Each structure stands twice: as structure tokens, then as C-alpha cells.
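It should be emphasised that the depicted structure is a prediction, and the values quoted were computed from it without experimental measurement. In what follows, chains are A, B, ... by sequence order, proteins preceding strands, each numbered from 1.
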Amino acid sequence: MSYLESLNESQFDAVTAPLGPVRVLAGAGSGKTRVLVSRIAWLLNTEQCRAHSILAVTFTNKAAFEMKVRLQDLIQTSLKGLWMGTFHSLCHRLLRMHWQEAKLPQNFQILDSDDQTRLCRRIIREAGVDEKTIQPRELANYISGHKEEGRRAHHLEFYDQHEAQLIELYKLYQTACETAGLVDFSEILLRSLELLRDNSAILEHYQERFQFILVDEFQDTNSVQYAWLKLLARKHERLFVVGDDDQSIYGWRGAKIENILNFDRDFPETTTVRLEQNYRSTQAILSAANAVIAKNSERLPKKLWTDNESDQLLVGYRATDGYDEARFVVETIQDLLKKEEGVRKSDIAILYRSNAQSRLFEEFLMRKQIPYRVYGGLRFFDRAEIKDILSYFRLIVNPKDDVSIERAMTTPPKGIGQATINRIREFATTHGASLWDSANMMLESQALPTRTHNVLLSFVTQINEMKALTENDLALPDLFSEIIERSQLKPHYKKEPLGRGEDRIDNLNELITAAEYFTNGEKVELAFIEEEIDPLSLPLYEQLEAFLGQTSLNSSENQAEIDEDSVQLMTLHASKGLEFPYVFMVGLEDGLFPSDNSLSERRIEEERRLAYVGITRAEKKLFLTSAESRMIYGKTLYLPVSRFVRDIPPELVELEGPGIRVTPTSVNSNSNHAFNTPRTDGIEGFNLGDLVEHPKFGEGVIQNFEGSGPSTRVVINFSNGGRKVLVLSFAKLTKLD
DNA sequence: AAAGACAATTTTTTT
DNA sequence: AATTGTCTTT
């Protein structure tokens, strides 16, 4: 077993750990995936367990795919029967296979977050609640938040009127989902947990089957996911979890870092293995990462080290503004590509806190004609035009889908407006029927005004005819293009200004290509069947069902991209698990990263972990950039260098460019370490981010300090929207808390 | 009912 | 700044 020989000591210990509960604390770049894959290979080779008995959970679909490939490289036996995927895809499969026990209709569809928010808006309006007291997104977050903790509406108690309303709306929302046959993301998990919990036969079957359960990125599991794992693993307790508490960055999505911190409490027999040798980064990068993460209190002790030598320092650059920052980054990239031997564009990554920040870099890269690829952001299946056409498809598969029908009825405009929809909805509520059934009943009763009757009739006919198409002997892509034509969406988009419509039409065509890829491509794993299957062997209608099932959970990395060698742009979150020789972390300013919200809500530890993730992506060289001024929401802000950068020992960082810059707004100069431009430690009792009150301007938050001594000035953003630079000693500021 | 002008608001992160 | 929703007009 040659793959065991190339492991270091702790990796070997992890791979060959006893079969009971195992927790592997894997620092960044310590060979985590390798251990996980080797463990599975080891199980298959030595324990003679079949792939059939293994359940492996990954964080993304992409990770699952890559892991399968790597695994297949290590072993000779077949992987048939192995369950590997994300929590969502595995739970989705369970629900498809046991839809009756899960009390779902066979053709249930998945509601993505956008659909969920739309549905929430509708529920709020319908309940006669003011959208300003409860915003759709607030309700959606409330519902998801509770579902992630395993709480249904009837579990909840209220302490005030507002929450009472939320609970009421949660109930209404759930009823709406049930009648429409819709399941949101967190519902997939919760429903699946309840399925196992309430059906002992099913539970025992899977407990018996999955003797070995392995989980990647365990630090990012939420309560329901952990409960699901515990339930499945209860019998054999052969639960092998891998993770790094320092890289837990999805707390906002319900992830519980406690899951990994307290794993040994839930499973007293736990063997814990620490992987502390880093194979990825230079010592300088690692030292920087350690310095940043050391400030966190809630973490398991561990010390990353490396044999790699530290030949290069980190590079810091303080730009004047966002443009200057982008210029610096892109010019540096040009230099790298030109001067350094064998540097490929895909060796270079630009990492930022939020998607919106990619724009400037894209602009400059385009100008210099450097190919790039942006990950994340608006995904293909999230695009409006794709959702528009998919609403027709979904309606064909599940006429009860009230979310899709409304979209299909109104896009493109076909004479059915708000008034008509309200009418149908009213009918639907009183009769407890779906919108589709209601529309049909109303047509039959002839109770509608002629004009309304006619437009509604032609809509219903249109959908029925589309549905009839699925009974023909068509290929899936042909069905797609036929329905796209009939939907009249193309002429509708054509009317949009600025060639935007052209893009949309391109995307529709792209969808046809996706259908071709789906049918001609590899065999696919279908949610409702255990084996891989050739989609073409299915009847057309089921092909469509299968396609929809695949897209809803696979929306991110599905699209075939141009294989061109390109610079990689992504958010820090999206970079987790990846590595690049050259990494640019940009927008490193307090207020951007860490973001304003996390500063006020004390979520700073998670932001710090995010910084740690970013830093540890770099193999050879790490560039840290920030800008003195930046446009945010159309306003120019002057933000200080990120506290995370300031946590890095100055001797690790080499400064490029002018370093300290003397500008009209910044005459700061108390040391030649350019990163200390603004001081953040208290000045006369005031700190960055403090909430203060000014007798004339009211309340505001301290953004920056400028200058020193008696002329020290303070930059404040007031809550009335104004921004002022005041001389600290004159401004009569009171600190609020 | 649909198109256009206007105002408001922002997710930071994603299965 | 730019998108999204709301209000107004046709």
C-alpha cells in the first residue's frame, strides 16, 4: 500500500486510527483531503468493507467530485454503492427515495433562497402585515435560522408582538410550502433528520448499512447536520470527522464551531489526531497566519509548522484609492507573468471579502487583456432569465408549484397582472387549492370577465401544450428549445436596453447546451435512484425531472467554463480549501474586512478566521493591499488598514510603493511602518468604531484618526448621513455605548 | 395591465 | 453605484 508510505507520522496515525470515533484536527495545508481519501482507501483495502458501507460528506459538490477522482486513483475496487456528497445532496437523495415516509409529494421541487424570499414576501402581504415591520428577508432568515436549529414553528415561543408575528408567518410559510410541494434548503436537512428520527425501520436500515461515516470540513456543520450524523452513527460510532476550528467561517449560516470543539464530549471514546505540519506555505506566510489567528480565544490548541524555507517576505501596499489598488495588483500580476519563470495565470488569485469588490479588478484585468475567471457571484442558475424559463419547466413537472406559476404567469407579460393573480390567490386560499387548480376551476365556472378569462385560458392552454410535448419522442435539448420558443421570452428580452437582452438570450441558449451536456455527457447520479444511470434511458418527462433535480443543488460550479489559463478571482469564503502560489488579499480595511457588521455585532472572531483562511491559501507569496479611500455605496470612505494586517509582525512584510503617503486628508507619520497609518488604540479615550455623540451633528461612528498631538483630527460618519473631519480637542464628543 | 420615472436600499459570506 | 421595488402615467 504505497499511499500509506508517503504519509507523515500524524497523517498515518489519522488514516489508521481505531475504527471508533475519530477527530482529526487538520491545520491549513496539512494534507486534510489526502488523509480523508487515504482513510477510505485504507478501510476498503484492509477492513474489507465494501464501498456500499461508506458514507462520506463533503462541503461542496466540487469537493465530492474531486475526492472521488482521487479515491479512484488509490484503489482498484469499484466505488459502486459509495455515498459521497454534500449534506444537501445526500439528504435530498434520502427524501427522493423515501418521499412517502417523508410526507412529501413524489414530484417535490427545491426552493432556492431567492424563491424563498419571494414566497416570504407573498406570505407577508397575504397576511396583511406591513412589509416594513417584517421584511421578506428577515422572515426568510428567521425561518432558515430556526430550521437549522431543528425548530419548527410550533416549537417556538414569543416574547413580544414582533416575534409572535414571525412565528405566525413561519406557520403560514410552511403551509404554503406543503401545499405547493416545495422544500427549501434547510427543509431538506430538517426533513431528512425527521425522516430518520420518526421511521425506525428506515433509520435502522441506514445505520446498519453505513458502518463508516466520514465528514470533511466538520467545523462548518450546523446543529441539524450534526444531529443527523449522530443518529446515523449511533449504532457503530464509526464516525471520522476532519476539520479545523480555525477555519470555521460559516457561523452566519448556522454552523456550530462547538461541534468540532466538543466532539469528544459527545463521543468519549474519541481518538483525536492533530495534523500540524503544513506543506503549503512558506514560513513567512505561516508566521503571519499564526500571528493573526493567535488573537482568537475560542480555539483548540495547535501549532502549525513547516519545513518550507522562507525566502520571500509578504508584500504590503497601501493604495490611495480603489483604482490605485487595482492598478497595483494588475501591474504586479503582469510583472509576475513576465519575470517569473513558469508562472501560469491560474497560479494567481485575487481574494476579496465581498463579490461586489471584483468589479474594479475585472476592469483593470480586461484593460490589460489578462484572462481571468470570477467565481461565485451570480451563478448561472440564479440568473433571472434562467429562473424565468425554469419556472415553466417546473410548472410542467409540478403544477402545484405556486412560486413558479406566478413567475410564469407574469413573465413575459401576457395580460395577467396583479389584479388577476390576487383573484386567483383569494380563490385558492378559500378553497385550499393550488393556484393552478384554482385557475382551472375559475375558468370552468365562467365567472371571470371576458378579457381576464381569455388571457388566463390561453396561459393554461399554453402550459398544457408544453406538458403534452413531454409525451412526444423528443430529445431533452429539443424540448428545451421548443419551450423557450413558445414561452416568448426571447422577444421579451430583446426589448431590454443596452444589449443586456442579448446576454439573456445567450444564456437561454446556454441552457440548451446544458441540456445537451446532461444527456450526452457522463452518466449521472440521480437523487431518486442509487446507481448512476444514463439519462437517455429515461422517458423524457423523467429526464426533465432529473435535470431540475440536478440543477437546484448544483448551481455553483456546474457550468462548463472556458478552459483558458486565467487569473482566479473569488471571495475569501469561496477560496476555502484551495491553494495558489500567488495570492492577493485586497480591500484590507477595517469596515470592509473585517466588515462593519461584524465589528458591531462582535462576530470578529469569525472574521479573523476568515483572514486566516485567506492568508493560508498562499504558497509562495502573499500580497496584502488596502486603500486610503474607497467608494462604497456611492460614498467615499476613509478606512484604516485592517486590524488583521496590523496583527502581522512588520518584519514579515515588505512595503511596495510610496509607503506613507501624504495626502490632504492624511498627514500621519509617526513611524515608517506604513501599515500603522491610522492609530486604532485609544486616543484620549476614543477608539476606532466608537459610537459618539456630537452636540450639533448627533450620533456617529469614529472612522479614522488623522494627525497627532493637539491637531489630531477624527473622522466621523454621522447617522444623519453626513461625514465630518473634526479636530478632536475642539469637538465636544461624548462616548456612547 | 404595462411601461416608465422615481425612490430606496444594499448580503458579506452560500448549500 | 447600481440594482430593486414603488409610484405614476398611459
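Stacking of A:F59 onto the six-membered ring of B:dT15 is not present when judged by under 5.5 angstrom between centres and under 30° between planes.
If you check C:dT6, C:dA2, B:dT14 against the side chain of A:N355, the one that comes closest is B:dT14. Listed nucleotides B:dT14, C:dG5, B:dT15 differ in distance to A:T86; the shortest reach to its side chain belongs to B:dT15. Set against B:dT14, C:dA2, B:dT12, the side chain of A:E607 has B:dT12 as its closest nucleotide. Of the candidates B:dT15, B:dT10, B:dT14, B:dT15 carries the atom nearest the A:F185 side chain, counting heavy atoms from C-beta on.
Nucleic acid contact for A:R125: sugar-phosphate only, since backbone atoms but no base atoms lie under 4.0 Å from a heavy atom of the residue. Contact annotation for A:Y250: backbone-only contact, meaning every heavy-atom pair under 4.0 Å involves sugar-phosphate atoms and none involves a base. If you check every strand for non-hydrogen atoms under 4.0 Å, A:R121 touches sugar and phosphate atoms only.
Taking only distance into account, the side chain of A:T60 never meets the base of B:dT14 through a donor-acceptor pair shorter than 3.5 Å. For a distance-only test at 3.5 Å, the side chain of A:R253 fails to qualify as a donor-acceptor partner of the base of B:dT12.
Qualifying salt bridge (charged side-chain N to carboxylate O under 4.0 Å, His left out) partners for A:D506, counting only residues two or more places apart in sequence or in other chains: none. Residues satisfying the side-chain hydrogen bond (donor to acceptor under 3.5 Å, both in side chains) test with A:D401, not counting sequence neighbours, are A:R394, A:S404. When the side-chain contact (heavy atoms from CB on, under 4.5 Å) test is applied to A:A574, the partners found at least two apart in sequence or on another chain are A:M570, A:T571. Every residue two or more places apart in sequence or in another chain that forms a side-chain hydrogen bond (donor to acceptor under 3.5 Å, both in side chains) with A:E149 is listed here: A:S223, A:K256.
Atom CZ in A:R137 sits about 7 Å away from atom C1' in B:dT11, given to the nearest Å. Taking atom CG of residue A:D220 and atom C1' of nucleotide B:dT14, one finds them 11 Å apart after rounding to whole Å. Rounded to an integer number of Å, the gap from CE of A:M631 to C1' of B:dT10 is 16 Å. For the pair A:E148 CD and B:dT14 C1', the interatomic distance rounds to 10 Å; values are reported in whole Å. Atom CD1 in A:I124 sits about 14 Å away from atom C1' in C:dG5, given to the nearest Å. The nearest whole Å value for the distance from the OH atom in A:Y633 to the C1' atom in C:dT4 is 14 Å. Between the C1' atom of C:dA2 and the CD atom of A:Q357 lies a distance of 16 Å, rounded to the nearest Å. Distance A:D114 CG to C:dG5 P: 9 Å, rounded to the nearest Å.
The side chain of A:R359 places an N or O atom within less than 4.0 Å of a non-bridging phosphate oxygen (OP1 or OP2) of C:dA2. An OP1 or OP2 oxygen of B:dT10 is reached within less than 4.0 angstrom by no side-chain nitrogen or oxygen of A:S354.
The closest side-chain donor-acceptor pair between A:Y612 and A:N296, if any, does not fall under 3.5 angstrom.
In summary, the aromatic rings of A:F218 and A:Y226 are positioned with their centroids under 6.0 Å apart.
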Which atoms of nucleotides 1-8 of chain B (N or O only) lie under 3.5 Å from a protein N or O atom, and what are those distances?
{"residue": "B:dA1", "atom": "OP1", "partner": "A:G417", "partner atom": "N", "Å": "3.2"}
{"residue": "B:dA1", "atom": "OP1", "partner": "A:T420", "partner atom": "OG1", "Å": "2.9"}
{"residue": "B:dA1", "atom": "OP2", "partner": "A:A419", "partner atom": "N", "Å": "3.2"}
{"residue": "B:dA2", "atom": "OP1", "partner": "A:K414", "partner atom": "N", "Å": "3.3"}
{"residue": "B:dA2", "atom": "OP1", "partner": "A:G415", "partner atom": "N", "Å": "2.5"}

Counting only pairs under 3.5 Å, give me each side-chain donor-acceptor contact of residues 450-457 of chain A, with atom names and distances, residues two or more places apart or in other chains.
{"residue": "A:N454", "atom": "ND2", "partner": "A:T450", "partner atom": "O", "Å": "3.4"}

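Checking side-chain atoms of A:K414 against main-chain N and O of A:A408 turns up a donor-acceptor pair under 3.5 Å.
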